[in-house]
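What follows is a set of notes on a single structure, which appears directly below.
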There are 2 protein chains.
Amino acid sequence: MSCETAFIQQLRERGFRLTPQREMILSVLHDMEGLVTVDEIYSRVQRLSSSVDISTVYRTLDLLQEFDLVFSVDPGDGQRRYEFLGLQDAHLHLVCQTCGQVTRVELEVAQAFAERLRASCGFQVALDRLSLAGLCPACAGSANN
Amino acid sequence: MSCETAFIQQLRERGFRLTPQREMILSVLHDMEGLVTVDEIYSRVQRLSSSVDISTVYRTLDLLQEFDLVFSVDPGDGQRRYEFLGLQDAHLHLVCQTCGQVTRVELEVAQAFAERLRASCGFQVALDRLSLAGLCPACAGSANN
DNA sequence: CTAAATGCAAATATTTTGCAGGTTA
DNA sequence: TAACCTGCAAAATATTTGCATTTAG
């Protein structure tokens, strides 16, 4: 099943409609890797159709988040970022505090950690929505004091 | 050394000045536990002196962040939260996605995980600024499907 | 005395909302 | 056709900035 099919199915089931705008936004998200800002999404959508309004982008992102096809974080710089989850495997994000580069990592590396947290205090970490701040190898190398 | 002393020292060293407003804001942060919003800080400061402006609160928070006495996150609800770090030990935050409750956990539980990440991909996680989303024991219990 | 900080108001930036008209099912 | 969706513009929020005045050192 493709992402589009999953989206359409969810729309139908809940009485929503499939519009060209929603298709375009989904397609743009699908083509973008990693965490992207609303502006990045918006300007890509505009290339497909310049009449699409940014409020429609916001509304569609809300919808996609409800459907769990997209999730969002604000790394703390006031620039909320969205990511398309689609049907692919979930993964962690490592966001470099210096250069902003985002690396994807398999959930598996965090499994033991999650287990430990659950054992010690009963908290179930949502690993599939996790972004970790820190230093990427390159920046860690040049920043060693 | 008290937090105030540390703050004053940093101010002096960098040519900044110690003002009553800055003292008040620091004192308010010091008395507040956990992650708080600008409005919460602002209204507490106003109780001490109603003439303090919110822009001064923002400016002071920026300063304190530069000094690493405060850090901020936006859990994704559009309400950025600040936390006073002071001279206490750093710790992780577990933020419940359902009830919003914040639990503090020793950094130590994540040490092995951080080590693993560094070994496998060279990324140095900033553990001391980490907030993890998930379900707290209570909400995990009532949500089990 | 002088550079730095404040309060105020206005400016920005970001996201949300009301509504009239267009569109999907 | 009827409810839903969109674009537009205006509103609501949150944060930042310019500037005259005040103040710490």
Side-chain angles (χ1 to χ4, degrees), chain A residues 4-5 7-29 35-43 45-67 70-82, chain B residues 4-5 7-28 35-43 45-67 69-82:
Chain A
E4 285 73 18
T5 314
F7 182 45
I8 294 169
Q9 209 167 60
Q10 287 243 47
L11 286 174
R12 293 256 162 78
E13 278 171 17
R14 301 173 62 165
F16 294 109
R17 288 176 185 174
L18 182 63
T19 63
Q21 290 89 338
R22 288 178 177 168
E23 284 188 286
M24 280 187 277
I25 293 167
L26 183 68
S27 132
V28 160
L29 280 168
L35 298 160
V36 292
T37 63
V38 170
D39 275 340
E40 288 164 344
I41 298 164
Y42 178 54
S43 54
V45 170
Q46 288 247 309
R47 275 184 243 153
L48 298 178
S49 167
S50 61
S51 68
V52 177
D53 193 74
I54 195 161
S55 65
T56 301
V57 174
Y58 276 110
R59 286 188 276 227
T60 304
L61 286 170
D62 286 348
L63 203 60
L64 287 164
Q65 283 194 92
E66 264 187 54
F67 292 175
V70 154
F71 98 111
S72 76
V73 276
D74 186 332
D77 59 352
Q79 288 272 289
R80 165 150 306 160
R81 282 152 206 284
Y82 292 82
Chain B
E4 284 73 17
T5 314
F7 181 45
I8 293 167
Q9 212 167 58
Q10 287 244 45
L11 285 174
R12 292 254 163 77
E13 278 170 19
R14 302 174 61 168
F16 295 109
R17 289 174 185 175
L18 182 63
T19 62
Q21 291 88 338
R22 287 177 177 169
E23 284 188 287
M24 281 188 276
I25 294 167
L26 182 68
S27 131
V28 159
L35 298 160
V36 292
T37 63
V38 171
D39 276 340
E40 287 163 346
I41 298 163
Y42 178 55
S43 53
V45 171
Q46 288 248 307
R47 274 183 244 156
L48 299 177
S49 166
S50 60
S51 68
V52 177
D53 194 73
I54 194 159
S55 66
T56 301
V57 175
Y58 276 109
R59 286 187 274 227
T60 303
L61 285 171
D62 286 348
L63 203 60
L64 287 164
Q65 284 193 90
E66 264 187 54
F67 292 175
L69 288 170
V70 153
F71 97 111
S72 76
V73 276
D74 186 334
D77 59 353
Q79 288 273 287
R80 164 150 305 159
R81 280 153 206 285
Y82 293 83

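Throughout, a chain's letter reflects where its sequence line sits, starting with A, and its residues are numbered from 1. Everything quoted here is computed from the prediction, not taken from an experiment.
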Does [N] have OP1 or OP2 under 4.0 Å away from a side-chain N or O of [X]?
X	N	value
B/T56	C/dA5	no
B/S55	C/dG7	no
B/Y58	D/dT15	yes
B/Q21	D/dT23	no

Would you kindly give the [atom1]-to-[atom2] distance between [X] and [N], to the nearest whole Å?
X	N	atom1	atom2	answer
B/D62	D/dA14	CG	P	17 Å
A/Q46	D/dT6	CD	C1'	14 Å
A/F16	D/dT6	CZ	P	11 Å
A/R81	C/dT14	CZ	P	11 Å
B/R17	D/dT23	CZ	P	12 Å
A/E23	D/dT6	CD	C1'	15 Å
A/D53	D/dA9	CG	P	9 Å
A/R12	D/dA3	CZ	C1'	16 Å

### Query
Which part of the nucleic acid, if any, lies within contact of A/R22, taking any heavy atom under 4.0 Å across all strands shown: a base, the sugar-phosphate backbone alone, or nothing?
sugar-phosphate
### Task
Assign A/I54 to base, sugar-phosphate, or nothing according to its heavy-atom contacts below 4.0 angstrom with the strands shown.
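Nothing: the residue A/I54, judged by heavy atoms under 4.0 Å, touches no strand.
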### Query
Taking the nucleotide of DNA chain D with the closest heavy atom to each, which residue, B/V38 or B/T19, is nearer the 5' end?
B/V38
### Query
Want to settle it: does A/S50 or A/L11 sit nearer the 5' end of DNA chain D, counting the closest nucleotide to each?
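That would be A/L11.
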### Message
Using the side-chain heavy atoms of A/R59, tell me which of these nucleotides is nearest: C/dC19, C/dT24, C/dG7.
### Response
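Output: C/dC19.
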### Straight-line distance of A/F16 CZ to A/T60 OG1, nearest 0.5 Å
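The CZ atom of A/F16 sits 11.0 Å away from the OG1 atom of A/T60.
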Is there a side-chain contact between [X] and [Y] (heavy atoms, below 4.5 Å)?
X	Y	answer
A/V38	A/R80	no
A/E66	A/D62	no
B/I54	B/V45	no

### Task
With DNA chain C as reference, determine whether A/Y82 or B/S51 sits nearer its 5' end, using the nearest nucleotide of each.
B/S51
### Query
Under the side chain to side chain donor-acceptor pair (under 3.5 Å) criterion, do A/S55 and A/R59 qualify, and how do the steps go?
CA-CA 6 Å; A/S55 65; A/R59 286 188 276 227; 3.1 Å; yes
